[in-house]
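Have a look at the structure below before the remarks.
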Amino acid sequence: MNYKSRMVYGGLKALNRELAKEEWQGAKYVILVDENTFQHCLPLLVGGVEALHEAEFVEVPVGEECKSLEVAAQVWQTLLESGADRNTVIVNLGGGCVCDLGGYVAAGYKRGIRHIHVPTTLLAMVDAAIGGKTAVNFGGVKNAVGHFYQPRLTIMDTAFLDSLPPEEFFNGQVEMVKTAAVADMALFEQLLTGKKISKQQIVEVARIKNRVVKADPYDRSVRHILNFGHTFGHAVEVCSQLPHGHAVGVGMLAAMYLSMKKLALSEEVYRAYSMWFKSRADVPHYSLREIEQMLPLMHQDKKNTAGELRCVLLQDVGAAAVDVTVSDHEVRDAFLHLGVV
Ligand code: GLY
C-alpha cells in the first residue's frame with residue numbers, strides 16, 4: 001500500500017502550509033460538499049486556505065443518498081467536463097458519507113488521483129476520514145462496492161464542530177469511547193467521567209485509529225478491534241432505525257455484557273459504560289421476536305465464517321479479543337439484558 005497518507009492535526013492553518021509545498025504545485029482542486037457543508041464549512045475552508053481560493057466545488061446529496069454509483073458517475077462527468085487531469089485533487093469537505101464517496105471517486109478517476117479529507121463531523125474526524133475505506137452502497141447493501149484508497153492528507157480542524165447538531169456530536173462521542181475501550185484505559189476513563197470532550201482527546205482518538213490502520217491497512221487482523229460493538233450495532237441500526245453512533249453505543253452495551261459473561265471484563269467497567277450511555281441516550285427494549293429478526297442480520301456480517309457468529313469482545317479495557325465465537329443463545333441473552341446491571 002502507498003502509505004503516504006498523513007494526519008494533519010494543525011487545522012486549516014496547517015493545510016495552508018501543506019498546500020504551499022512543492023508536491024502540490026500546479027494542482028487543481030475540486031471540493032466535494034453537501035448542502036450543509038456548502039453553507040457552514042466551505043467559506044471557512046476556502047477563506048482559510050490560499051490554494052483553494054480558486055477551487056471548483058461540486059455539491060452532492062446529504063447523507064447516505066450521496067453514496068451511490070449514480071452520484072459517483074455525476075461527479076466523474078463533472079470532472080471530465082471541467083478538464084480534470086491526474087494532477088487534480090479532490091478535497092472532501094464533509095462527514096463520513098462525503099469522505100466515503102470522495103475517496104471512491106478519487107480512486108476511480110483516471111486510475112486514481114489524490115484526495116484530501118477535511119472531516120466536518122466528530123464521527124468522520126475520529127473514524128471515517130482515517131484509514132482509506134472508500135465505498136458506495138449497491139444492490140441495497142451498505143458499502144457493497146469500494147476500495148482501500150488512502151487520502152494523501154486528513155486535516156483535523158475542530159472549528160467545524162461548532163456548527164454540528166448535538167445528536168451528530170453524540171454519534172462521534174460513542175465512536176471515541178469505542179476506540180478508547182479497545183485501546184486505552186486512561187482515555188476511556190477520561191471520556192466516561194469528563195464533562196466536555198477536548199480537542200486533545202479528539203486528536204488522541206484519531207492517533208489511535210491511525211496507528212491501528214497503519215498496522216493493518218487492509219483490515220485483515222488487528223484492525224478488526226475497531227469493530228467492537230458493531231456486529232450488534234449494525235443489527236440495531238437496521239431494526240431500530242437509530243443513527244450509527246447511537247446504534248453502536250447499544251451494540252457496545254451488548255458486547256460488554258458478553259465480555260463480562262464470557263471473558264474477564266469487570267462488572268465495574270460494564271456498569272460505568274452502561275451508566276454513561278444511559279444518561280445520554282435511550283436503550284431499546286427488544287422482544288424475542290425482534291431479536292430473532294436481528295440474528296440473521298448479524299450472521300450476514302462479513303467477519304463470520306461457517307455459520308458461526310464472531311465478535312470483538314473485551315478481556316479488559318484496552319485488551320480486545322477478536323473473532324470470539326458467540327452463540328445465538330448468547331446474542332439473545334445480551335439483547336434481553338441491555339443496560340441491565
Ligand atoms: N471503521 C472501522 C475501520 O475503519 O476499520
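We count ligands from 1, going down the list as the structure has it; atoms in each ligand are counted the same way. Basis for what follows: all heavy atoms, side chains included, without hydrogens, waters or symmetry-related copies.
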* To do: Taking the side chain as every heavy atom from C-beta outward, state whether C239 and Y286 have any atom pair closer than 4.5 Å.
  =>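 SC-SC contact between C239 and Y286 confirmed.
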
* To do: Return the orientation label for the Y149 and H115 ring planes: parallel under 30°, perpendicular over 60°, tilted otherwise.
  =>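 Taking H115 first and then Y149, their aromatic rings lie parallel (interplane angle under 30°).
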
* Structure fact -> Residue pairs passing the salt bridge (charged side-chain N to carboxylate O under 4.0 Å, His left out) test with at least one member in residues 229-252, sequence neighbours excluded, are K142-E237

* Asked: How far is atom 5 (O) of ligand 1 from its nearest protein heavy atom, and which residue and atom is that?
  ->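 Residue, atom and distance for the closest contact: R223 NE, 2.7 Å.
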
* Tell me, which protein residue and heavy-atom name are nearest atom 1 (N) of ligand 1, and how many Å apart are they? ->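 Going atom by atom, the protein heavy atom closest to atom 1 (N) of ligand 1 ends up being D127 OD1, 3.0 Å.
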
* Can an N or O of K209 be found at a distance shorter than 3.5 Å from an N or O of ligand 1? -> yes

* M298 versus T231, closest heavy-atom pair with distance -> CG-O, 3.6 Å

